[in-house]
Undergrad: 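Quick one: this structure, given as structure tokens, is what I'll be asking you about.
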There are 2 protein chains.
Amino acid sequence: MTERLTPRETHANLDSAQDLAARASVIAAANGLFYARGIHAVGMDELRAASGVPLKRLYRIFPSKDAIVEAVLLDWRRLWSAGIGAAVDAAAEPKDRLLAIYDFLAGWFGSEGFRGCAFVNSFGELGAQSGRVAEIVREQKAGFQEFVFKLAAEAGAPPGLGPQLAILAEGAITTAAISGSVEPARQARAAAEILIGAAVPPLAVKSV
Amino acid sequence: MTERLTPRETHANLDSAQDLAARASVIAAANGLFYARGIHAVGMDELRAASGVPLKRLYRIFPSKDAIVEAVLLDWRRLWSAGIGAAVDAAAEPKDRLLAIYDFLAGWFGSEGFRGCAFVNSFGELGAQSGRVAEIVREQKAGFQEFVFKLAAEAGAPPGLGPQLAILAEGAITTAAISGSVEPARQARAAAEILIGAAVPPLAVKSV
DNA sequence: TGGAGCAGAGAACGAGCGTTCTCTCCAGTT
DNA sequence: AACTGGAGAGAACGCTCGTTCTCTGCTCCA
């Protein structure tokens, strides 16, 4: 497994490591720029300047801008899953885990540079032209629906609750993005509490 | 008031009428093309071909493409208000008027060429670059919130219900656009029924 | 130490777009 | 009937952007 490498091979390996670092740098830069300003609005030269990766190397790592867009979408998916997963896992009770979604949203909406759902924005901008973008966005949204669905099931709710809570979250994101207010998160949370209460009668009622 | 016009003035007036017709034709064409494919993706030449209005006249009527975008956004607002207004007015009972929103959405989601909310799409594509676009979209969404708020008030609901129902509608639109399904309208409707029921206890309860 | 090859910087290229210009033709005036 | 003003068609212009190419210089092997 651990073979001897000639100096040239070592050099080649170092190149790969550099490529990996450059790749990460490009994705990080593109992530921020695409989210803040949209995808067409950010040119390759700006990406080069922001990432510090020369154009030549950039095109060696990614065959085209489309490939960068795809990589960034996948990175957004990873970040979103990690963020909301951590927020939900910080709660123990099934109902609190559901409500943690909206608390997570409130924090996000209030954060610097919040500009709505990156997937929805990309879909609006490129979904009609790029099948790959539309596909990734669909997968992301289906994954979130599934995530909420499972949390709802763990709370003992009937299957109808999951989609309702997911729609509330989606609507809160869009509304917050356009209005620039954090309120939609609280409003969605209040609605979710009512829907959860209606779907999962509290045990306390039975014991009374 | 009804002055005599020289033939040249008459001609000038006819020109104005032609401009009006051309304006309507351009907006109608742009409306369909922008919605289906996005705004950057549609060039002025395509707009000329689709509307039948020569480029020269087009630029006499609208100073720039941005002006066309703005006119189309205002047209979308008019169409949306008229559509949802008619749907709501077809119902008499306050609660039914609220629920009519989601039935209207179901019909829209199932219609040919549905691609989500034109305002949200435009906002995602241009909101970061064009302050005017962002402004119109914000106004449109604020207007819809107000519309739902008034309907909720007429149903005797506390002020919290309006935003919740608006968020549900918004979430349903986005979810339907990405998933391509009509289901979100039904799911949002079901959630709305529960929220309305919780906010406005039925009179029947009092009479029992 | 001489040479080979690759990296980086940035110019160059080609396509697409918004906008303007030119040329031709026709309607209406004198 | 000659002329003028404007309309239409489409070429042209200038700019941006994705992508590729060229040139310079450095680093690693013999």
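Note that the structure is a prediction, hence the values are computed from the model and not measured. Lettering follows sequence order; numbering is per chain, from 1. What's counted below: heavy atoms across the whole structure, side chains too, no hydrogens, waters or symmetry copies.
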Undergrad: Please say whether more than 12 non-hydrogen atoms of neighbouring residues, nucleotides or ligands are located less than 6.0 Å from CZ in A:F147.
TA: yes

Undergrad: From CG of B:L126 over to C1' of C:dC17, roughly how many Å is that when rounded to an integer?
TA: 15 Å

Undergrad: Round to the nearest Å and state the distance from A:L58 atom CG to D:dC17 atom C1'.
TA: 14 Å

Undergrad: Check residues 113-120 of chain A and write down every donor-acceptor pair under 3.5 Å in which the side-chain atom is one partner and the other belongs to a residue at least two apart or another chain.
TA:
unit_1: A:R115; atom_1: NE; unit_2: A:Y35; atom_2: O; d: 2.9
unit_1: A:R115; atom_1: NE; unit_2: A:A36; atom_2: O; d: 3.1

Undergrad: Tell me which donor-acceptor pairs under 3.5 Å the side chains of residues 67-78 of chain A have, and how far apart each pair is, sequence neighbours excluded?
TA:
unit_1: A:E70; atom_1: OE1; unit_2: A:R132; atom_2: NE; d: 3.4
unit_1: A:E70; atom_1: OE2; unit_2: A:R132; atom_2: NE; d: 3.0
unit_1: A:E70; atom_1: OE2; unit_2: A:R132; atom_2: NH2; d: 3.1
unit_1: A:D75; atom_1: OD1; unit_2: A:R78; atom_2: NE; d: 3.2
unit_1: A:D75; atom_1: OD1; unit_2: A:R78; atom_2: NH2; d: 2.6
unit_1: A:D75; atom_1: OD2; unit_2: A:N31; atom_2: ND2; d: 3.1
unit_1: A:W76; atom_1: NE1; unit_2: A:N31; atom_2: OD1; d: 2.6
unit_1: A:R77; atom_1: NH1; unit_2: A:E139; atom_2: OE1; d: 3.1

Undergrad: When you check the gap from the basic side-chain N to the acidic O, do B:E46 and B:R37 get nearer than 4.0 Å?
TA: yes

Undergrad: Specify the separation, in whole Å, of atom CG of B:D66 and atom P of C:dC17.
TA: 16 Å

Undergrad: Detail all sub-3.5 Å separations between protein N/O atoms and N/O atoms belonging to nucleotides 8-11 of chain D.
TA:
unit_1: D:dG8; atom_1: OP2; unit_2: B:R57; atom_2: NE; d: 3.4
unit_1: D:dG8; atom_1: O6; unit_2: B:K56; atom_2: NZ; d: 3.0

Undergrad: Applying ring-ring contact (aromatic ring centres under 6.0 Å, His included), name anything that partners B:F62, two or more places apart in sequence or on another chain.
TA: none

Undergrad: Please give, in whole Å, the distance from D:dT19 P to A:I61 CD1?
TA: 15 Å

Undergrad: Quick one: ring-ring contact (aromatic ring centres under 6.0 Å, His included) partners of B:F104, sequence neighbours excluded?
TA: B:W80

Undergrad: Is any NZ, NE, NH1 or NH2 atom of the basic residue among A:E193 and A:R189 found under 4.0 Å from an Asp or Glu carboxylate oxygen of the other?
TA: yes

Undergrad: If you take any heavy atom closer than 4.0 Å to DNA chain C, which residues from residues 29-46 of chain B end up in contact?
TA: B:V42, B:G43, B:M44

Undergrad: From CG of A:L47 over to C1' of D:dG18, roughly how many Å is that when rounded to an integer?
TA: 12 Å

Undergrad: Thinking salt bridges, do A:E183 and A:R186 make one under a 4.0 Å N-O criterion?
TA: yes

